[in-house]
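Data block below; observations after.
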Protein chains: 2
Amino acid sequence: MSSEERKKTRVTLLDVARHANVSRATASLVLRKSPLVGSETRMRVEEAMRDLGYVYNIGAARLRVERSQIIGAIVPNLTNPFFAELLSGIEEIIGATGKVVILAKSGDRVEQQEMLLRRMREHGVDGVILCPAAHTESTLSEQITAWDMPVVQVLRHISFDMDYVGADYATGMRQAVDYLASLGHERIAFAVHGPVHSAYQERVDGFRDAMLSRGLDPSILIRFPTQLGEIAKATHLLFDRAIRPTAVICFNHLVALGLSAGLQDCGLTIGRDLSLIGFDDVADAEAIRPRLTSVSTGPVAIGEMAARLLVERIADPALPPRRLVNDTTLHIRQSCGRPN
Amino acid sequence: MSSEERKKTRVTLLDVARHANVSRATASLVLRKSPLVGSETRMRVEEAMRDLGYVYNIGAARLRVERSQIIGAIVPNLTNPFFAELLSGIEEIIGATGKVVILAKSGDRVEQQEMLLRRMREHGVDGVILCPAAHTESTLSEQITAWDMPVVQVLRHISFDMDYVGADYATGMRQAVDYLASLGHERIAFAVHGPVHSAYQERVDGFRDAMLSRGLDPSILIRFPTQLGEIAKATHLLFDRAIRPTAVICFNHLVALGLSAGLQDCGLTIGRDLSLIGFDDVADAEAIRPRLTSVSTGPVAIGEMAARLLVERIADPALPPRRLVNDTTLHIRQSCGRPN
DNA sequence: GAAACATTTTAGATCGATCTAAGTGACGTG
DNA sequence: CACGTCACTTAGATCGATCTAAAATGTTTC
């Protein structure tokens, strides 16, 4: 009993081998489904594994072979459903390839992100899917290549030397602007918030380009607070300017939800008094009434694409860097009408 | 150059030791901040680490010492913001202790969950935070103790032999029922959905008890579809019965969002024509108008509690199993009024 | 100057897998 | 019957850390 208890040691491949009357090497071959072992032997070993309740020790294997079967995912934030959906896509694909994903949030803080990258290297991850924290220096990319660690950037990019998967923000913006323009809107505001990063810049640029190409004034950029509750309270910012917009495009789903609530709080009717277009269309946004016309960027699909890209990158590190942008779709619902 | 290239081997502790003119053992002691090494030596070694860009290899260390610094988290689903917030709490605490979390979703499928548990064992996780898939057999708990793997159950429980952290669903239900009753409601429905599990049962039981103790009919249980969009479309189920409820308590935030949307689609005014109480109050629910009166269960806090419990459990596996329930709070907002 | 002691340092075994290179038999062939 | 082939099987080194037990060094004491 006491000797049983002290012998808390896990079942090892050697135990299996002994139990099956073969060598450690043969047992290892069975484990890796090598065609070299005879079928009778194979069966005996597999039975031994079952009998002893053997569990493969990836950590030990990894020491020899250069593959940990772990990949990392670093996102700014998890409470934002947009990133949660992204992660869901990542986990789906990575899990299907038999790997496992280590999750971490940077809080959009560069030092935290640095710490996480180091921690992941310590764990010997095979690669990382990184949504770079705002204000990440582009030199990070050089460090990463120096470490030769496969990395795919998602949603935001800091360098052209690494793979990137994101949404086609420019087209999304154009879809939104075109639609509003087609309804007759001319004074269109872009309601932004959060830190500046590539995706922010692309949306702002996309907005500007789309507006200019229609001959409209692209300068109505209004900056809102970070938190959902605060955004709703700050709705008045829309009306504080000399030129009052007749339509608003929202930076992301948080701004969309916030303004949708805030406008109703002001007693305004969305779609009649003011047109509103959302961005990023996460699942919960379906529940907003009036239904939000919105540009959908497909976070789950982006996560899946990023995961696939990373897997390919790990398989062949020599591949030239690729950039994938997911198409956006304008879902026309009820939050837009003609200007008045 | 070519010899440099082929020497792609990572910097090891032995390299550091040689560079600092000490033995591997000493370098290892420095790494672990042992007080045994002289300060001059320590500095020399630390400098060598910096010079060579040494990265600790946790995997190798783990082979000797029984600690992988990895914990697992298994949830049914990630696109549901409730679980995302839970995860955020978990990551926060685990990350702060220097560990790392492996994330996986079971899709509420028992076989998938089994596969994930095995995979995590293969990775040698120090423990797992598990939200058991619906229909998980309680025998799983025996297996887990046989593996002697520290596990904390969250939100749902299948066994009293393992730690558990959840919300105080019974009290939450009582708060909701009491509040509605105090407004004069007598025909209160409970709108449920999803698979049956302990948390489901606790809510249903809580509802029944609370209703009975007020002398009210506890039998108005209405079952809704799984998807948000479907729920809204199924709103009519509320009115299909002989006795028409004047108030509805929602099983979770999905049902709350769905019905909130569905009722507005029916042209009803929430709070006047029908009172609605939400459950689980996730961040995005703030954007619903009229503002949803809701029982908040605090997923982030639950995640944090679970993580702390797991850390303690890992430190002392002999601890008796504990059960923690997080208090619920009724947030009174605008979705309830007197019956008419 | 030897013994006793404290302070640092180290050689070598070890964890649990994989990989290389070599070793068995059994069988067919010239 | 020696030899090459084929189909398996295996001993032993190896990955990069930790740990034990012992050695080297310096200090004090008698």
Side-chain angles (χ1 to χ4, degrees), chain A residues 6-46 48-49 52-70 98 119 121-126, chain B residues 6-46 48-49 52-70 98 119 121-126:
Chain A
R6 301 198 311 108
K7 175 196 196 163
K8 191 134 250 165
T9 172
R10 65 150 82 205
V11 178
T12 156
L13 199 49
L14 185 58
D15 300 331
V16 170
R18 275 202 277 255
H19 193 264
N21 268 316
V22 296
S23 70
R24 216 158 67 264
T26 305
S28 174
L29 289 174
V30 171
L31 211 52
R32 285 172 288 147
K33 313 209 182 307
S34 156
L36 288 181
V37 294
S39 61
E40 201 272 334
T41 315
R42 147 163 295 121
M43 270 164 47
R44 234 177 38 250
V45 173
E46 280 170 348
M49 290 185 177
L52 301 182
Y54 171 73
V55 177
Y56 185 52
N57 185 335
I58 295 188
R62 132 150 70 123
L63 204 52
R64 273 289 353 224
V65 81
E66 223 25 63
R67 198 84 350 148
S68 68
Q69 308 288 25
I70 304 178
R119 194 174 283 173
R121 286 214 296 152
E122 291 181 351
H123 279 279
V125 294
D126 293 337
Chain B
R6 302 200 308 109
K7 173 195 199 169
K8 192 137 248 164
T9 171
R10 65 151 82 204
V11 178
T12 158
L13 200 48
L14 186 58
D15 300 331
V16 170
R18 274 202 276 256
H19 193 264
N21 267 314
V22 296
S23 71
R24 213 158 70 263
T26 304
S28 174
L29 290 175
V30 170
L31 211 52
R32 285 171 290 147
K33 311 208 184 307
S34 156
L36 287 181
V37 293
S39 61
E40 200 272 336
T41 314
R42 149 163 294 123
M43 270 164 47
R44 229 172 47 244
V45 173
E46 280 170 347
M49 290 184 177
L52 301 180
Y54 171 73
V55 176
Y56 185 52
N57 184 334
I58 295 187
R62 133 151 68 126
L63 204 52
R64 273 296 344 229
V65 82
E66 224 23 66
R67 199 79 357 144
S68 67
Q69 307 289 27
I70 304 178
R119 194 174 285 175
R121 288 215 296 149
E122 292 181 348
H123 278 279
V125 294
D126 293 336

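Naming: A, B, ... by sequence-line order, numbering from 1 per chain. Note: hydrogens, waters and symmetry copies are ignored here, and every other heavy atom, side chains too, is used.
- Summarising the geometry, the separation between CG on A:L13 and C1' on C:dT18 is reported as 10 Å, rounded to the nearest angstrom.
- Separating the OG atom in B:S68 from the CD1 atom in A:I58 is a distance of 11.5 Å, to the nearest 0.5 Å.
- One distance of note links CG of B:L14 with NE2 of B:H19; it measures 13.0 Å at 0.5 Å rounding.
- A distance of 15.0 Å separates CZ in A:R121 from OH in B:Y56, rounded to the nearest 0.5 Å.
- Closest approach to the B:T41 side chain among C:dT8, D:dT9, D:dG16 is made by C:dT8 (side chain taken as heavy atoms from C-beta onward).
- If one axis is set at each end of the helix from C:dG1-D:dC30 to C:dG30-D:dC1 from five pairs, those axes are 70° apart, to 10°.
- Atom OH in A:Y56 sits roughly 10 Å away from atom C1' in C:dG16 (whole-Å rounding).
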Contacts under 3.5 Å, N or O only, protein and nucleotides 11-14 of chain D:
unit_1, atom_1, unit_2, atom_2, d
D:dA13, N6, A:R24, NH2, 3.1
D:dT14, O2, A:R64, NE, 3.3
D:dT14, O2, A:R64, NH1, 3.0

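- If you take CZ of A:R18 and P of D:dT10, they are 14 Å apart, rounded to a whole angstrom.
- Checked options B:R32, B:R42, B:M43, B:R44; the residue passing with B:V37 is B:R42 (criterion: side chain to side chain contact (heavy atoms under 4.5 Å, CB included)).
- Between B:Q69 and A:H123 there is a side-chain heavy-atom pair separated by less than 4.5 Å.
- When each of A:R62 and B:P35 is assigned the nucleotide of DNA chain C bearing its nearest heavy atom, the one mapping closer to the 5' terminus is B:P35.
- Among the protein residues, A:T26 comes within range of the nucleic acid bases, having at least one heavy atom under 4.0 Å from a base atom.
- Counting non-hydrogen atoms under 4.0 angstrom, A:A60 reaches a base of the nucleic acid.
- Rounded to whole Å, atom C1' of C:dC15 lies 9 Å from atom CG of A:N57.
- To the nearest 0.5 Å, the span separating CG on B:L36 from OG1 on B:T41 amounts to 11.5 Å.
- Note: CZ (A:R67) to C1' (C:dA17) measures 17 Å, nearest angstrom.
- Taking the nucleotide of DNA chain D with the nearest heavy atom to each of A:R42 and A:E66, the more 5' of the two is matched to A:R42.
- Between B:R62 and A:R62, the closest side-chain pair of non-hydrogen atoms falls below 4.5 Å.
- Rounded to whole Å, the distance from CG on B:L14 to P on D:dC15 is 10 Å.
- Here C:dC15 is the nucleotide among D:dT18, D:dT9, C:dC15 with the atom lying nearest to any side-chain atom of B:L63.
- Within the 4.5 Å cutoff, the side chain of A:V16 has no heavy atoms near those of the A:E46 side chain.
- Taken from CG in A:N57 to CG in B:L63, the straight-line distance is 6.5 Å, to the nearest 0.5 Å.
- B:S28 has no side-chain polar atom (N or O) that falls below the 4.0 Å cut-off from OP1 or OP2 of D:dA17.
- Distance check: B:R24 CZ to B:D15 CG gives 11.0 Å after rounding to the nearest 0.5 Å.
- If you measure from atom CZ of A:R32 to atom C1' of C:dC19, you get 7 Å, rounded to the nearest angstrom.
- Rounded to whole Å, the distance from CG on A:L29 to P on C:dA17 is 14 Å.
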